[in-house]
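Just so you know, these numbers come straight off a predicted model, no measurement behind them.
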Amino acid sequence: MNHRFAGQARAALLSAAALFAPVSAASAAEPPLRICASSVEAPYSIAKAQGFENKIAIVLAKAMGREAQFVWSDKPAIYLVRDLLDKNACDVVFGVDSEDERVLATKPYFRTGYVFVTPADKPEIGSSWEDAAKPEYKTFAVRFSTPGELIVKQAGKYEDNLSYNLSLVNFEDKRNRYTQVPADKLVNEVVNGDADVAIAFASDVARYVKASSKPLRMTMIRDDFKRSDGLKIPLHFDQAIGVRKDDAGLLKELNAAIDKAKPEIDAVLNDEGVPSLQPNG
């Protein structure tokens, strides 16, 4: 037999055998979902995957038929896109704003907003940002460079609170470094009576409010905050998952998984104590 035709016959037999051969589990398995994660971003992401976004990531990976594979960083989450996602060390970043220009963002997997945290045994503060200006509220625990800090400024109480808020980070110099008040400290300041009110993003503090030894109240602030110059400052935000801008296929897969896993995602948020709003998108 001509050797060229013999080679073709052998190739045909091998191809036919491949069609009927059993598919191994390894070859059929989807690749893992590589998740960019900070080990120091409580309550969202914590080493050993005990943050609530870690739990949601595991739920979504399962809905996609994948294994959740965390790629950990010991830096705050603000650096995940730059240091990990953009360098192809991982494929998804949880908790980005839906309009984050650095990434392609999925549909929201939850939406929440800024809240007042106050003692449950005190009168309700109200749901307008302007309620922060009431004279009975003097001391506010807030995170730096957030709408909470802007509310205190607009309420005319920033100068009186400046030294207090700097004390929450032991007066560390904020220049050229990321310095932030831990979310649990915001809550503890209200528990201890050192702050009349904490103003925080609800998912930052929900875990600590729920676990507090002293009953506390979270009051969602209406999304109607404007600065004195008329600029609207959003207080309610969609939370999404970011992927690299060239990864539209993964984006589509994640969007389908968000729909599929919605009951499990909602269960994680409910267990965390996060008050959810209706997503915009």
Applying the 4.5 Å side-chain criterion to the ILVMFWY set and letting contacts propagate, would [X] and [Y] be lumped into a single cluster?
X: F140; Y: I233; answer: yes
X: L104; Y: V93; answer: no
X: L60; Y: L84; answer: no

Of all heavy-atom pairs between [X] and [Y], which one has the smallest distance, and what is that distance?
X: A240; Y: S98; value: CB-CA, 4.1 Å
X: C90; Y: L85; value: O-CD1, 3.7 Å
X: A105; Y: D97; value: CB-O, 4.3 Å
X: A261; Y: V59; value: CB-CG1, 3.7 Å
X: Y114; Y: P147; value: OH-CD, 3.2 Å
X: V96; Y: I241; value: CG2-C, 3.9 Å

Does a side-chain heavy-atom distance below 4.5 Å link [X] with [Y]?
X: K210; Y: L216; value: no
X: V152; Y: N165; value: no
X: S167; Y: F171; value: yes
X: K226; Y: W129; value: no
X: R66; Y: R34; value: no
X: H236; Y: M220; value: yes
X: Q154; Y: S228; value: yes
X: T106; Y: I258; value: yes

Rounded distance [0.5 Å steps], [atom1] in [X] versus [atom2] in [Y]:
X: L251; Y: D91; atom1: CG; atom2: CG; result: 12.5 Å
X: D238; Y: Q278; atom1: CG; atom2: CD; result: 9.5 Å
X: F70; Y: C36; atom1: CZ; atom2: SG; result: 11.0 Å
X: E253; Y: L33; atom1: CD; atom2: CG; result: 8.0 Å
X: L235; Y: F225; atom1: CG; atom2: CZ; result: 7.0 Å
X: K55; Y: I265; atom1: NZ; atom2: CD1; result: 14.5 Å

Please report, to 0.1 Å, the donor-acceptor pairs under 3.5 Å made by any side chain of residues 180-199, with sequence neighbours excluded.
from: Q180; atom 1: OE1; to: F144; atom 2: N; distance (Å): 2.8
from: Q180; atom 1: NE2; to: F144; atom 2: O; distance (Å): 3.2
from: N188; atom 1: ND2; to: D184; atom 2: O; distance (Å): 3.3
from: E189; atom 1: OE1; to: Y164; atom 2: OH; distance (Å): 2.8
from: N192; atom 1: ND2; to: N188; atom 2: O; distance (Å): 3.1
from: D196; atom 1: OD2; to: K138; atom 2: N; distance (Å): 2.8
from: D196; atom 1: OD2; to: T139; atom 2: N; distance (Å): 3.0

Is it the case that the side chain of [X] and the backbone of [Y] share a donor-acceptor pair, with hydrogens and angles ignored and the cut-off at 3.5 Å?
X: D100; Y: R102; result: yes
X: K62; Y: A57; result: no
X: T112; Y: S276; result: no

Using the ring centroid of each side chain, check whether Y109 and F94 are separated by less than 6.0 Å.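 Centroid separation for Y109 and F94: below 6.0 Å.
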List the steps and the verdict of salt bridge (charged side-chain N to carboxylate O under 4.0 Å, His left out) for K107 and D259. CA-CA 9 Å; K107 63 174 60 178; D259 289 338; 2.9 Å; yes
Side-chain donor-acceptor contacts of residues 268-275 below 3.5 Å, not counting sequence neighbours, with atom names and distances?
from: E272; atom 1: OE1; to: R207; atom 2: NE; distance (Å): 3.3
from: E272; atom 1: OE1; to: R207; atom 2: NH2; distance (Å): 3.0
from: E272; atom 1: OE2; to: R207; atom 2: NE; distance (Å): 2.8

Check this for me: [X], atom [atom1], are more than 12 non-hydrogen atoms of other residues, nucleotides or ligands nearer than 6.0 Å?
X: K252; atom1: NZ; value: no
X: K157; atom1: NZ; value: yes
X: E136; atom1: CD; value: yes

Report yes or no: do R244 and N88 form a side-chain donor-acceptor pair below 3.5 Å?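 Note: R244 and N88 side chains meet the donor-acceptor criterion.
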Any chance the side chains of N54 and Y44 put a donor and an acceptor closer than 3.5 Å?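 N54 vs Y44: no donor-acceptor pair found between side chains.
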Under the criterion side-chain contact (heavy atoms from CB on, under 4.5 Å), I'd like the reasoning laid out for F201 against F237: C-alpha separation, chi angles, the key distance, then a yes or no. CA-CA 9 Å; F201 196 50; F237 296 89; 3.8 Å; yes
Could you give me the CA-CA distance, side-chain angles and deciding distance for L250 and M64, then say whether side-chain contact (heavy atoms from CB on, under 4.5 Å) is met? CA-CA 10 Å; L250 180 57; M64 297 164 72; 3.8 Å; yes
Parallel, tilted or perpendicular: ring planes of F52 versus F110, cut at 30 and 60 degrees: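 Plane angle over 60°, so perpendicular.
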Check residues 72-81 and write down every donor-acceptor pair under 3.5 Å in which the side-chain atom is one partner and the other belongs to a residue at least two apart or another chain.
from: S73; atom 1: OG; to: K75; atom 2: N; distance (Å): 3.0
from: K75; atom 1: NZ; to: D83; atom 2: OD2; distance (Å): 3.1

Pair K232 + D223, salt bridge at N-O below 4.0 Å: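 The answer is yes: the pair qualifies as a salt bridge.
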Just do the side-chain contact (heavy atoms from CB on, under 4.5 Å) check on R222 and S128 with the steps written out, would you? CA-CA 6 Å; R222 294 197 303 270; S128 169; 3.3 Å; yes
Does the pair V117 and T219 meet the rule for a side-chain contact (heavy atoms from CB on, under 4.5 Å), with working shown? CA-CA 7 Å; V117 180; T219 304; over 6 Å; no
